**Q** 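Below: one structure in structure tokens.
Keep in mind it's a predicted model, so treat the numbers as computed, not measured. To find a chain, count down the sequence lines: A is the first, B the second, and so on, and within it residues start at 1.
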Amino acid sequence: MTITLFDRVRLIDPATGLDRPGRLLVRDGRIDGIDSPAEGAPEGATIVDGQGAVLCPGLVDMRVALGEPGHEYRETIAEAAEAANAGGVTTVASLPNGVPAIDDPALVRLLRARGEETGRLSILPYGALTRGCEGKEMAELGLLREAGAVAFTDGTRAIADSRLMRLALSYSRAFGAMVVQHPEDPALARGGVATEGELATRLGLPGIPAAAEAILVARDVRLAQLTGGALHVAHVSTAETVRIIARAKADGIRITCDTAPPYFDLNETAIGDFRTYAKLSPPLRPESDRMAIAAGLADGTIDAIASDHAPCDPDDKRLPFAQAMAGGVGLSTLLGVTLARVHDGGIALPRAIELLSTAPARLLGFEAGTLAAGAPADLCLFDPERGWKVVAGQLPGHAQNTPFDGRALEGRVLGTWKNGRRVFG
Amino acid sequence: MADGRGSGGFFGGTASERHLLGLQGMHPSRIEPFLDLAENYVLLNRSRKTQRDLLRGRTLINLFFEDSTRTRTSFELAGKRLGADVINMSVSTSSVNKGETLLDTAATLNAMRTDLLVVRHAQSGAPALLARKVDAAVINAGDGTHEHPTQALLDALTIRRNLGRIEGLTVAICGDVAHSRVARSNIHLLTAMGSQVRLVGPPTLMPADADRLGVEICHNMDHGVEGADVLMMLRLQRERMAGGLVPSAREYFRFYGLDTVRLARAKPGALVMHPGPMNRGVEIDSQVADHPQQSVIQEQVEMGVAVRMAVLDRLSRMQMA
């Protein structure tokens, strides 16, 4: 029997509305209770003195591309787990469009097991929505769900075909899983590598209009309404999309969405002088869009924040901008960049934790994101004020392609626990 | 570094001065010296003299990832007239497909101790990427749809020699602006030097937010050429028709081609320019292209050599300083 007592911590649990100083006891990998014992410590307990730091549920990152299977040179699961834990993340949902695509129940079970093997990170696989993530025929959603797929998506590929999207939203209802869409009309975005506008014009880069996102989201909202299916829009990046989703929510349509730190912390100027580490999909947007995403976090239109972690090899990025791979790593910077919104008054600290842990756990139907007694002791201890600087080349894990290179942050993870076992700090 | 070839900015000024990657944001006080120096080289070239000691012992590599006989020849001639050892490397797309990346090529050329590297590449930003990795001074000879700075400099020289000034002129840049690096470099240079620039062409060939570049936009060619001092025609690539941006060549010529009737709407004696190669009967009528008084298209080619000599001269002096 192992017992850990977290003493002198600020407990934040968005699931129960808790935010106050206290202590928390962990017994055999599960949360035993808060404020017990009132004084002293149980015999044999390991005591963690938080010195006033925040203790919250481990973060649940609902959008992560793993290098495994298929691209181990970019990042292995063990390396991703190291980066995740360093960022306070204890659970990730993994995208299915690797090599091979996760379109077979055995692959879902494999990923689940590979997560458990690490002992430090739960992997919740998204199942491929279509065979091979090719956007043509629906995959075996029922069997994938049975094997443990948390939801369905083609990852970084949008479902372009309206009829297929309708069928997917409809059929997935039977299995209680949502459909996650990469919101970009592929025909309108074809060939584009940066947000269409003055900057892309000056750099001579082919543009993607913001309308490519709004058009697909508007269509999918209508299809969700038609089918009653649950739609989740990933990495929302424009003001227009936020407006469409807010209206759809008001209309009672089953729609949720997330965004990623680059979309509320950076704008398109980060790609100036052809910086490929800032090449993302969707592309970084103008400042007005960034502000709208930040507002959507505050007013509740946006349900969750995911890192959109996409490990790249240096050779994937050391290319002319249009040829470089899109994507940035984000596991270890997820909390720090989100806290920047707290520090400049955009959102309250408990809301930040909700966006990073409680809400995504609920969306994925996974038992996490709470400090309630009996819950698995996935925990994150962090100092919201401690400063550090993001330096590409010095991040934990393997891949270093961060769009936040040089960014000074306040808020650093001191320790991470998975099922009661310390995995970081 | 011991031999004075600094890889950073210490020996050779800042990166933006050490290389010529583009004209965006370049102040007239940095543009004019190129033009003034080029004037000298025009005279030198016309007197059939050369200045073979200036770049003696220095190596210039023409690294062309895209075919271009005219620009490559112009740089080659410029380098040779200044006494440089000039080597032409045409890297076809097929050898890129063999696996060597742009940066492998850069490392190879660096090891060969190249002094001046002239780069043409189909990707916007490729010369900037190379410039970060090599010790040589990098000269952008056209990258994707980004910039083609020496073309804009030679255009400016041609205008200045014919009309005596650049400031206060109205210049109409006509045609496929969206896909034109020549247009972008000219916009930056001409607006910096005080010209009024008009972009003329169909909306499908205009880049997004072009009006934020300090220019006027016009979709009607008859209005666009009205009263202009200079008409710069751009080449319309055949693939624009295939891509559906323009329905057909004949429709394009009907609405956006420059013929004598439209030329008459411009200022009397207005200059007709084209960066070449021309599509006669698509963007320009032969009568206009060959107009004995108003077409300066051949003169542009002559100015090209002089301007490139000036660029090589200045950048290598900066390197040696």
Side-chain angles (χ1 to χ4, degrees), chain A residues 73 187-214 238 240 267-279 283-289 312-326 392-393 401 405, chain B residues 15-16 21-25 65-66 93 96-97 99-107 119 121-133 140 142-148 177-185 187-188 191 199 206-215 217 239 243-244:
Chain A
Y73 65 96
L188 205 47
R190 190 178 302 139
V193 298
T195 292
E196 188 170 289
E198 181 185 350
L199 183 70
T201 290
R202 286 181 183 275
L203 291 172
L205 295 173
I208 300 173
E213 182 169 306
T238 73
E240 199 179 354
N267 63 32
E268 61 178 347
T269 59
I271 69 166
D273 205 22
F274 304 102
R275 281 190 62 233
T276 58
Y277 276 17
K279 181 180 176 183
L284 288 171
R285 306 292 189 182
E287 178 62 11
S288 55
D289 284 317
C312 297
D313 187 74
D315 285 345
D316 298 327
K317 288 287 193 183
R318 281 186 202 140
L319 291 167
F321 194 88
Q323 293 173 329
M325 195 173 138
N401 54 303
D405 190 19
Chain B
S16 62
L21 301 176
L23 299 178
Q24 176 170 240
F65 293 88
E66 235 184 22
T93 30
V96 172
N97 288 341
E100 185 169 84
T101 66
L102 186 59
L103 293 184
D104 289 334
T105 309
V119 184
H121 200 285
Q123 292 289 332
S124 300
L129 181 64
L130 275 173
R132 286 198 282 268
K133 303 289 175 186
N140 181 2
D143 63 329
T145 54
H146 178 223
E147 286 226 38
H148 192 352
V177 180
H179 301 93
S180 177
R181 52 197 174 209
V182 173
R184 283 174 180 72
S185 286
I187 291 166
H188 300 320
T191 53
L199 305 182
M206 277 299 156
D209 291 341
D211 54 319
R212 299 211 195 155
L213 304 179
V215 299
I217 312 280
E239 64 244 39

**Q** With side chain to side chain contact (heavy atoms under 4.5 Å, CB included) as the criterion, how do Leu203(A) and Ser124(B) come out once you've worked through the C-alpha distance, each side chain's angles and the decisive distance to 0.1 Å?
**A** CA-CA 7 Å; Leu203(A) 291 172; Ser124(B) 300; over 6 Å; no

**Q** For the residue pair Arg184(B) and Arg202(A), what are the closest heavy atoms and their distance?
**A**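 Shortest heavy-atom contact: CD-O, 4.3 Å.
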
**Q** Checking heavy atoms, do the side chain of His179(B), its backbone, both or neither come under 4.5 Å from chain A?
**A**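 Neither part.
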
**Q** For chain A, find which of Ile187(B), Leu130(B), Leu103(B), Asp143(B) contributes the most heavy-atom pairs closer than 4.5 angstrom.
**A**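 Of the candidates given, the most pairs with chain A belong to Leu103(B).
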
**Q** Could you go through residues 206-214 of chain B and list every donor-acceptor pair under 3.5 Å that involves a side-chain atom there, pairing it with any protein atom two or more places apart or in another chain?
**A**
residue   : atom : partner   : partner atom : Å
Asp209(B) : OD2  : Glu198(A) : N            : 3.2

**Q** Quick check on Asp315(A) against chain B: is it the side chain, the backbone, both or neither that has a heavy atom closer than 4.5 Å?
**A**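 Nothing of Asp315(A), per the 4.5 Å heavy-atom cut-off to chain B.
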
**Q** Between Thr101(B) and Gln323(A), does a side chain to side chain contact (heavy atoms under 4.5 Å, CB included) hold up when you go through it step by step?
**A** CA-CA 11 Å; Thr101(B) 66; Gln323(A) 293 173 329; over 6 Å; no

**Q** Could you grab the distance from atom CD of Gln123(B) to atom CZ of Phe274(A), nearest 0.5 Å is fine?
**A**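 Atom-to-atom, Gln123(B):CD and Phe274(A):CZ are 10.0 Å apart.
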
**Q** Search all heavy atoms of Thr145(B) against all heavy atoms of Gly204(A) and return the closest pair with its distance.
**A**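 Closest approach of Thr145(B) to Gly204(A), heavy atoms only: OG1-O, 2.5 Å.
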
**Q** Can you tell me how far the CG atom of Leu102(B) sits from the CG atom of Leu319(A), to the nearest 0.5 Å?
**A**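 Interatomic distance, Leu102(B) CG to Leu319(A) CG, rounded to 0.5 Å: 8.0 Å.
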
